[in-house]
Amino acid sequence: MENFKVMCSEKEIQKRIKELAEEIDENYEDKGDVVMVSVLKGGVFFTVDLMKRMKTPVTFDTVQVSSEASNDALNIKKDIDADVQGKNVIVVEDIVDSGRSLKYLKDHFQAMGANNVEIAVLMDKSEKRECDVDINYKGFRVPDKFLLGYGFDQDEKYRNLPYIGYIEE
Ligand code: IMP
Ligand code: MG
């Protein structure tokens, strides 16, 4: 890809994920099992690497929201399979941007009777935030650039890059 600038290398991403896994393990030491809910599609890459580093007993589930355009109404396109009533849930997403989809998902799992719902994101575009949503674990704060790689796509391409970057204009 021409003019591609790496923002986070594979090594930096994996190092930060290890730190986040340790932070989560500490918090859940005496809280029991966790349902890791990965937000399709981009969040899967981060979720898998994070889970592999964790010692807390976890199960894996996925959810997909229908629209990511910031002015469209949100819907659940694919819901989780598990019954999360009384369970600890961590919603794992690639990025928090406006915060609308994560706020929507948090409300959704709380309405399903989860005991506790936390949020983990790899990237935080904090300058774009519109919703007040508490992010419990975050990897990197990043400027407002269109990211590609490690789950981030452009027309479904480039998700498989092991690093994250952007095209310099
Ligand atoms: P929001 O926080 O509800 O605005 O939603 C953020 C969603 O927009 C994420 O789940 C991403 O799928 C998508 N998104 C935001 N920024 C980027 C980007 O830089 N590259 C690719 N997808 C992005
Ligand atoms: Mg997404």
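By convention here, the first residue in the shown sequence is residue 1. The structure presented is a predicted model; accordingly, all values stated were derived computationally and were not measured. In listed order, ligands and their atoms are each counted from 1.
Checked against a 3.5 angstrom limit, the closest N/O atoms of F146 and ligand 1 fall outside it. Inclusion of S98 in the set of residues having an N or O under 3.5 Å from an N or O of ligand 1 is warranted.
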Report the C-alpha separation of I76 and Y104 in whole Å, then their side-chain angles, then the decisive distance to 0.1 Å, and conclude whether the side-chain contact (heavy atoms from CB on, under 4.5 Å) test is met.
CA-CA 9 Å; I76 299 285; Y104 176 82; 3.8 Å; yes
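Between the side chains of E118 and Y137, at least one donor-acceptor pair of N or O atoms lies under 3.5 Å. Between the side chains of N115 and N88, at least one donor N or O lies within less than 3.5 Å of an accepting N or O.
If you look at K128 next to ligand 1, there are no close heavy atoms at all, none under 4.0 Å. Within the 4.0 Å heavy-atom criterion, the part of E93 lying near ligand 1 is the side chain and not the backbone. Contacts between D94 and ligand 1 below 4.0 angstrom, taking non-hydrogen atoms only, involve the side chain exclusively.
Contact analysis leaves K103 out of contact with ligand 1, as no non-hydrogen atom separation drops below 4.0 angstrom. Using a 4.0 Å cutoff on heavy atoms, K145 counts as a contact of ligand 1. Proximity of G99 to ligand 1 is established by a heavy-atom distance of less than 4.0 Å.
Checking I164, D144, D97 against atom 2 (O) of ligand 1, the nearest heavy atom belongs to D97. The heavy atom nearest to atom 3 (O) of ligand 1, out of those in S101, C131, G149, is found in S101.
Looking only at distances, no side-chain donor or acceptor of K41 sits under 3.5 Å from a matching main-chain atom of R159. One N or O on the side chain of Y150 and one on the backbone of F45 form a donor-acceptor pair closer than 3.5 Å. At distances below 3.5 Å, not a single donor-acceptor pair connects side-chain atoms of R53 with backbone N or O atoms of E22. Side-chain N or O atoms of D61 include one that pairs as donor or acceptor with a backbone N or O of D81 at under 3.5 Å.
Both tests pass for K145 against the ring of Y166: distance under 6.0 Å to the centre and angle within 45° of the axis.
Ligand 1 places these atoms under 4.0 Å from at least one heavy atom of R100: 3 (O).
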